[in-house]
Amino acid sequence: MAQTNKQGTKTRVVDRDAHWIEWLTGAVSAALVAGMIGWIGYEAATGSEGQPELSTRIVHQEKTGAGYRVTFLIENAGKRTASAVVVQGEIKDGDRVVETSEVTFDYVPANSSASGALLFRSDPEAGRPEIRPAGYSDP
Amino acid sequence: MRSKNGNQDGRDSSRPGNFVVGLGRGIGGALLFALPMQMTMEMWELGSTIDRTRLFLLLVLAIPLLVGIAHRIGFEKTFGWRDDIRDSMIAYGIGILTSAILLSLFSLLTPDMPASEILGKIALQAVPASIGAMLGRSQLGRGDADDSDDPDADGDGAPDDRGYGSELFLMAVGALFLSLNMAPTEEMILISYKMTSLHAVAMILLSIGLMHGFVYAVSFKGGHEISADTPGWHALIRFTLPGYIIALAISLYALWTFGRLDGTGLTPTIMAMIVLAFPGAIGAAAARLIL
């Protein structure tokens with residue numbers, strides 16, 4: 001695979017005959033690249049230009065030192081990434097809003113999820129915590 | 001510096017002076033290669049936020065990587081694994097030391113920080129810095145390396161150390177180098193979110209084209225040639241495409257290590273991988289020429 005030319009510098013030459021393992025590696029690589037392009041092509045064909053479809057789900061509520069923590073998961077089922085996603089949480093007592101809290105996610109990628117937590121002073125068990133995505137911007 | 005116990009080609013590296021020169025080259029290399037990361041905000045934050053299992057894995061994987069680099073591109077091939085291991089440990093040490101000094105200089109390490117944060121910041125930076133130190137010691141010293149450094153010229157009749165595996169390994173080193181530099185930044189995922197499928201396909205084709213062109217079409221120093229009776233696509237299949245797959249894999253590993261893929265679905269993951277593999281591919285191609 002290597003030879004020294006007149007100047008003494010090494011030049012590596014690709015010869016026609018090669019070990020089968022080189023061809024095997026090459027074939028597998030070519031298949032992977034083709035597969036990847038194929039997948040992206042499929043995604044493009046089935047319409048990648050959707051909108052983000054955001055939804056939230058409360059995972060856990062617990063008492064912390066200073067108040068209450070509500071851990072939640074935000075999912076983006078759409079085919080487009082949302083950035084600067086604002087998630088708002090409200091604790092209501094009947095129709096009256098007792099407390100609101102807010103958190104911002106840098107990104108929620110397409111078909112992905114991210115987790116976070118909102119902190120409240122009042123006990124969310126007493127009221128009903130309502131957590132919803134309030135808005136986002138396009139990346 | 002590579003051997004204290006004898007050197008056939010007349011470069012007397014057993015003197016302590018040469019050891020110091022070697023250390024100096026190592027530090028130079030560490031600075032040259034790692035400064036962009038040392039001065040990147042995301043890397044400082046990652047020092048405390050990175051998943052400790054992933055950091056541990058990175059630190060452990062760095063050892064065989066450094067030994068591999070020492071073995072493949074050290075000054076000579078004649079010396080055994082013991083020297084390679086010693087060299088790589090010195091490089092790792094230089095990496096840790098330069099990272100600690102620079103981060104302190106930038107006032108990023110203060111005594112009131114918890115020990116885990118200080119250690120995390122240094123450890124994370126030490127990996128690219130140690131790769132830089134290792135490359136610096138072998139590459140910056142090239143000027144005084146005469147022909148007898150050439151593994152082919154040492155008369156042992158052994159074939160060139162650049163087998164197929166070595167060629168792929170060097171591509172991995174080059175890809176890792178640029179990937180590690182860029183993976184921590186938010187721009188990588190931001191670009192991938194902005195791109196459409198068409199952009200992604202174009203980026204794949206451009207990455208492969210540039211990789212191939214760098215090595216075979218544009219004749220840089222130490223270039224590779226395709227023998228007259230070999231069709232051009234042979235080199236594409238046997239070297240460039242595996243090299244690109246390596247760049248993709250390293251890109252994926254770097255993004256995962258820095259926690260950029262957590263909770264991310266398949267398509268955004270692939271897109272981010274393609275974005276980071278673009279510099280990775282350039283690095284891989286460059287490594288084949290430079291190292």
Side-chain angles (χ1 to χ4, degrees), chain A residues 1-5 7-19 21-49 73-83 106-115 138-139, chain B residues 147 150-153 159-165 167-168 186 189-190 192-194 196-198 200-201 204-205 208 215-216 221-227 229-232 234-246 248 261-274 288:
Chain A
M1 217 185 101
Q3 54 184 245
T4 308
N5 66 17
Q7 287 84 42
T9 56
K10 259 186 299 174
T11 302
R12 281 168 285 276
V13 176
V14 176
D15 283 322
R16 198 187 175 88
D17 51 329
H19 198 271
I21 210 150
E22 299 189 15
W23 284 111
L24 180 68
T25 316
V28 171
S29 305
L32 284 172
V33 170
M36 193 171 68
I37 294 177
W39 171 260
I40 294 169
Y42 168 79
E43 286 285 300
T46 55
S48 58
E49 299 307 310
L73 200 68
I74 178 163
E75 280 167 314
N76 182 357
K79 287 198 162 188
R80 204 181 161 100
T81 294
S83 67
D106 285 349
Y107 298 105
V108 182
N111 288 314
S112 306
S113 62
S115 61
D138 290 327
Chain B
D147 269 359
D150 197 296
D152 280 356
D160 187 83
D161 58 333
R162 215 53 104 73
Y164 188 61
E167 200 79 18
L168 297 187
E186 185 179 325
I189 48 170
L190 179 57
S192 78
Y193 297 154
K194 284 177 176 287
T196 64
S197 309
L198 199 64
V201 173
I204 295 171
L205 297 179
I208 296 173
V215 178
Y216 295 105
K221 161 176 94 81
H224 295 53
E225 281 171 12
I226 304 172
S227 73
D229 63 333
T230 312
H234 277 211
L236 181 75
I237 300 287
R238 276 157 50 197
F239 290 96
T240 307
L241 288 184
Y244 185 55
I245 292 296
I246 288 172
L248 286 171
L261 302 177
D262 297 354
T264 305
L266 180 64
T267 307
T269 300
I270 291 179
M271 297 286 260
M273 178 174 80
I274 291 168
R288 290 181 72 188

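Lettering of chains follows the sequences in order, A, B, ..., and the numbering in each one begins at 1.
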Quick one: [atom1] on [X] to [atom2] on [Y], what's the gap to the nearest 0.5 Å?
{"X": "B/T196", "Y": "A/R80", "atom1": "OG1", "atom2": "CZ", "answer": "10.0 Å"}
{"X": "B/L266", "Y": "A/N111", "atom1": "CG", "atom2": "CG", "answer": "9.0 Å"}
{"X": "B/I270", "Y": "A/E43", "atom1": "CD1", "atom2": "CD", "answer": "8.0 Å"}
{"X": "A/T81", "Y": "B/K194", "atom1": "OG1", "atom2": "NZ", "answer": "11.0 Å"}

Which bit of [X] is near chain A, if near means a heavy-atom gap under 4.5 Å: side chain, backbone, both or neither?
{"X": "B/L198", "answer": "neither"}
{"X": "B/L248", "answer": "side chain"}
{"X": "B/L236", "answer": "neither"}

Check: Is chain B contacted by the side chain of A/S29, its backbone, both, or neither, given a heavy-atom distance below 4.5 Å?
Finding: both

Notebook entry, point to check: Non-hydrogen atoms of chain B under 4.5 Å away: do they reach the side chain of A/A114, the backbone, both or neither?
Noted result: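 No part of A/A114 comes within 4.5 Å of chain B.
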
Notebook entry, point to check: Where do B/Y164 and A/G26 come nearest, in terms of heavy atoms and distance?
Noted result: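 Scanning both residues completely, I find the closest heavy atoms to be OH-N, 4.5 Å.
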
Item checked: A/P139 versus B/L190, closest heavy-atom pair with distance -> CB-CD1, 4.1 Å

Next item on the list: Step through the shown structure and confirm whether more than 12 heavy atoms of other residues, nucleotides or ligands are within 6.0 Å of CG on A/L24.
Entry: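 Atom CG in A/L24 is crowded, with more than 12 foreign heavy atoms closer than 6.0 Å.
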
Item checked: Candidate list B/L261, B/T269, B/T264, test side chain to side chain contact (heavy atoms under 4.5 Å, CB included), partner A/S112, passing option -> B/T264

Notebook entry, point to check: Where do A/T25 and B/I245 land on the side chain to side chain contact (heavy atoms under 4.5 Å, CB included) test, with the steps shown first?
Noted result: CA-CA 10 Å; A/T25 316; B/I245 292 296; over 6 Å; no

Margin query: Shorter than 4.5 Å, heavy atoms on both sides: which option in A/P109, A/S83, A/A30 has the most such pairs with chain B?
Written below: A/P109

Notebook entry, point to check: Do A/I40 and B/I204 pass the side chain to side chain contact (heavy atoms under 4.5 Å, CB included) test, and can you show the C-alpha distance, the side-chain angles, and the key distance before you say yes or no?
Noted result: CA-CA 11 Å; A/I40 294 169; B/I204 295 171; 3.9 Å; yes

Next item on the list: Could you check B/T267 against A/W39 for side chain to side chain contact (heavy atoms under 4.5 Å, CB included), going step by step and ending with a plain yes or no?
Entry: CA-CA 9 Å; B/T267 307; A/W39 171 260; 3.4 Å; yes

